[in-house]
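Below: one structure, written as structure tokens.
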Amino acid sequence: MNSPSKPGSKADRDALRQDMANAGCSLSDIAIEMRTRFRMRPREAWRHAHGWTLQEAADRITQGSARRPGESVAADASLVGKWEKWPGPSSRRPSLPVLFAMAEAFSCRVEDLLDLEDRRALPDAELRLLTLRPSTAESSDTPATASSVVAPPEPAGSNLVRLAADESATWAQWAEASNVGDIALEQLMAETQSLALDYLTSDPVALFGRTRALRDRVFALLEGHQYPRQSTDLYVAAGYLCGLLAWMSSDLGQLRDADTQGRTAWLCAELARHNNLRAWVLSTRSKVAFWDGRLRDAINFARRGATYRTTGTVAVLLACQEADAWSELGAQEEAMAALAHAEDARAAMSSEDEIGGIFACQPARQENYAAAVQLRIGRPTEALRSADNALALLAIQPVRAYGTQAQIHISQAAAHLANGEAEGALEALAPVLALPPDHRLQPVTRRLNELSTSVGRPSASGTATVGLRQAVEAFCVDSAPRHLALSPGEGSP
């Protein structure tokens, strides 16, 4: 047996509309009944009186606006939904051209689309304009037809002068208004900085949700209206937040999703014309490409990022990432040249990082890259020295990134193995193997698997190496990316 439909369901609306039409009721009667019975806003009630979807209404509103020269409206389903909800939350105020286009589409008067709550929320100048500009459709007690639509008389004389003044005042009021203040922008940037810093020490999945929520707040603000400089600041915040989501997605093994976030972050950086953000986004995209095996792309992203004039440590990280990709390709000279470029970039730094946290390259992080690069090009002694330096530098930092620390220890272990010291490798890996599962990110598990592969070679044997392989296998099975991959999807029971 089918469960009964909820009041206001499509079936209820369709049945009501059909019953009233059969009884000879007008569209106006149907809209009023929709409003009172289902507690709808006036504009939504008129749409349902016609039986239209949001997109069908959007198409007709767009077409209706074409009959008013200079007042064309480009509507879509999302916008119509927001216009209907106004002045409630998550809504958008329909402009006068939109209201007149709606009236044209619904074959009603503009006044029919507004209730007392709407009128209280409308600016005074727009209320005055409504009295001077009649709607394009007459109100009638019978279903409206195309023949009932008449062109309004053009204002003349003093009414025309007053209308022009009110139109200018309305536009000025819109241009002056902003949905975000400078203090709110400062708070958004402070929260972005906090998230980027917390990521160094927090569980990534929990932090992902907080970052996504803040990104959504910024996106919602950008859909409203603000001063151009405030829009720029919002694009910068959105770019860093999408970049952070890209970094997290990559660390959780979701490389395709990371690429999508990276592209959106790049769009924000371009819209803001912000060189530091451009460079950090390209650094993030280089990182994603590297772990996706697209090493040439990783190099190109890093080199492209280095072309921007930046402050802080982003130029250091870009050079390190270029060296990382060259070493994976076995290009020793290019890798060492890029490491030297990283040293030059640190010496040329002009100021602190704007965001910090994951969007910063402290000396310990730079030494971590150097250790990994030297290992790949066959310089285990230099790699061990860089890893030791990195741990010493990390020890004096106020915040220790567990991901960086784990990779440093892996480089130590690999250097010991390369020198035939399996016991030293196992000792170096002890802090890594003790990481809780939520901190076992994709770069760490990937590097451990690479280490385990080298342990499995015929030249590496003995009790220590067997124990090392078993420990690595157990570690990778119980990791954050694996937990995420095995978690139920949105549609799962």
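Values below: every heavy atom of this structure, side chains too, minus hydrogens, waters and symmetry copies. Quick caveat: nothing in here was measured; it's all calculated off a predicted structure. Nothing fancy with the numbering, it's 1 onward along the sequence.
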Open item on the list: Please check: side-chain N/O of Ser286 versus main-chain N/O of Leu282, any donor-acceptor pairing under 3.5 Å?
Closed with: no
- [ ] Indicate whether any N or O donor in one side chain lies under 3.5 Å from an N or O acceptor in the other, for Gln261 and Ser249.
- [x] no
TODO: Output yes when a side-chain donor or acceptor of Thr310 lies under 3.5 Å from a complementary backbone atom of Ala306, and no otherwise.
DONE: no
Open item on the list: Can you confirm whether Glu270 is buried at CD, in the sense that more than 12 heavy atoms of other residues, nucleotides or ligands lie under 6.0 Å from that atom?
Closed with: yes
Task: Polar side chain donor-acceptor pair, Tyr308 to Asn276, under 3.5 angstrom - done: no
Task: Side-chain donor/acceptor of Arg400 to backbone N/O of Ala395, under 3.5 Å - done: yes
Task: Salt-bridge criterion met for Arg210 and Asp198 (N-O under 4.0 Å) - done: yes
Task: Modelled atom types, side-chain donor and acceptor of Arg447 and Ser411, under 3.5 Å - done: yes
Task: Residues Lys85 and Glu44 bridged, charged N to O under 4.0 Å - done: no
Open item on the list: Whether the Gln442 and Ser250 side chains hold a donor-acceptor pair (N or O, under 3.5 Å, no angle test) is what I'd like checked.
Closed with: no
- [ ] Give a yes or no answer on whether the side chain of Arg376 reaches the backbone of Gly330 with a donor-acceptor pair at less than 3.5 Å.
- [x] no
Task: Arg294 atom CZ: more than 12 heavy-atom contacts under 6.0 Å - done: yes
- [ ] Evaluate whether atom CZ of Arg273 has more than 12 neighbouring non-hydrogen atoms of other residues, nucleotides or ligands under 6.0 angstrom away.
- [x] no
Open item on the list: Regarding Glu223 and Lys82, does a basic nitrogen lie under 4.0 Å from an acidic carboxylate oxygen?
Closed with: yes
TODO: Ignoring hydrogens and angles, tell me if any N or O in the side chain of His409 forms a donor-acceptor pair with the backbone of Val432 under 3.5 Å.
DONE: no
Task: Worked verdict on Arg41 versus Glu117 for side chain to side chain contact (heavy atoms under 4.5 Å, CB included) - done: CA-CA 10 Å; Arg41 307 290 299 135; Glu117 186 180 358; 3.5 Å; yes
TODO: Would you sort out whether Arg285 and Val281 count as a side chain to side chain contact (heavy atoms under 4.5 Å, CB included), showing the intermediate values?
DONE: CA-CA 6 Å; Arg285 299 192 72 182; Val281 171; 4.2 Å; yes
- [ ] Go through Ile355 and Trp280 one step at a time and tell me if the side chain to side chain contact (heavy atoms under 4.5 Å, CB included) criterion holds.
- [x] CA-CA 10 Å; Ile355 298 298; Trp280 278 114; over 6 Å; no
Open item on the list: Let's go through Val373 and Trp326 carefully: what are the C-alpha distance in whole Å and the side-chain angles of both, what is the deciding distance for side chain to side chain contact (heavy atoms under 4.5 Å, CB included) to 0.1 Å, and is it a yes or a no?
Closed with: CA-CA 8 Å; Val373 167; Trp326 280 125; over 6 Å; no
Open item on the list: Under 3.5 Å, is there a donor on one side chain and an acceptor on the other for Asp76 and Gln55?
Closed with: no
- [ ] Would you check, one step at a time, whether the test salt bridge (charged side-chain N to carboxylate O under 4.0 Å, His left out) holds for Asp324 with Lys287?
- [x] CA-CA 10 Å; Asp324 215 23; Lys287 185 253 194 192; over 6 Å; no
- [ ] State, without any angle test, whether Thr313 and Gln362 hold a side-chain donor-acceptor pair at a distance under 3.5 Å.
- [x] no
TODO: Enumerate the residue pairs fulfilling ring-ring contact (aromatic ring centres under 6.0 Å, His included) with a member in residues 380-408, sequence neighbours excluded, ordered by first and then second residue.
DONE: Tyr402-His439
Open item on the list: Between the side chains of Arg47 and Glu56, is the shortest nitrogen-to-carboxylate-oxygen separation below 4.0 Å, so that they form an ion pair?
Closed with: no
- [ ] List the atom of Gln230, the atom of Val180, and the distance in Å for their closest heavy-atom pair.
- [x] NE2-O, 3.1 Å
Open item on the list: Distance alone, cut at 3.5 Å: any donor-acceptor contact between the side chains of Asn368 and Thr404?
Closed with: no
Open item on the list: I need the minimum non-hydrogen distance between Ala415 and Pro380, along with the two atoms involved.
Closed with: CB-O, 3.6 Å
Task: Closest non-hydrogen atom pair between Gln407 and Val444, with its separation - done: CG-CG2, 4.3 Å
Task: Sidechain-backbone polar pair: Arg92 side chain, Glu84 backbone, donor-acceptor under 3.5 Å - done: no
- [ ] Carefully, step by step, assess Asp251 and Arg440 under the rule salt bridge (charged side-chain N to carboxylate O under 4.0 Å, His left out).
- [x] CA-CA 9 Å; Asp251 282 348; Arg440 300 174 184 180; over 6 Å; no
Open item on the list: So for atom CD, which belongs to Glu328, do other residues, nucleotides or ligands contribute more than 12 heavy atoms lying within a distance under 6.0 Å?
Closed with: yes
TODO: Return the minimal non-hydrogen interatomic distance between Val316 and Cys361, and the atom names on each side.
DONE: CG1-SG, 3.9 Å
Open item on the list: For a quick test of reading the model, state the closest non-hydrogen atom pair linking Asp292 to Leu255 and the distance between them.
Closed with: OD1-CD1, 3.4 Å
Task: Asp182 with Arg229: basic N within carboxylate O range, under 4.0 Å - done: yes
Open item on the list: Would the distance check show the side chain of Ser386 and the main-chain N or O of Ala383 forming a donor-acceptor pair, the cut-off being under 3.5 Å?
Closed with: no
Open item on the list: Determine whether a donor-acceptor pair (N or O, by modelled atom type, separation under 3.5 Å) exists between the side chain of Thr307 and the backbone of Arg303.
Closed with: no
- [ ] Spell out, as yes or no, whether a donor-acceptor pair under 3.5 Å connects the side chain of Arg365 to the backbone of Ile358.
- [x] yes
Task: Backbone N/O of Glu354 and side chain of Gln193: donor-acceptor pair under 3.5 Å - done: yes
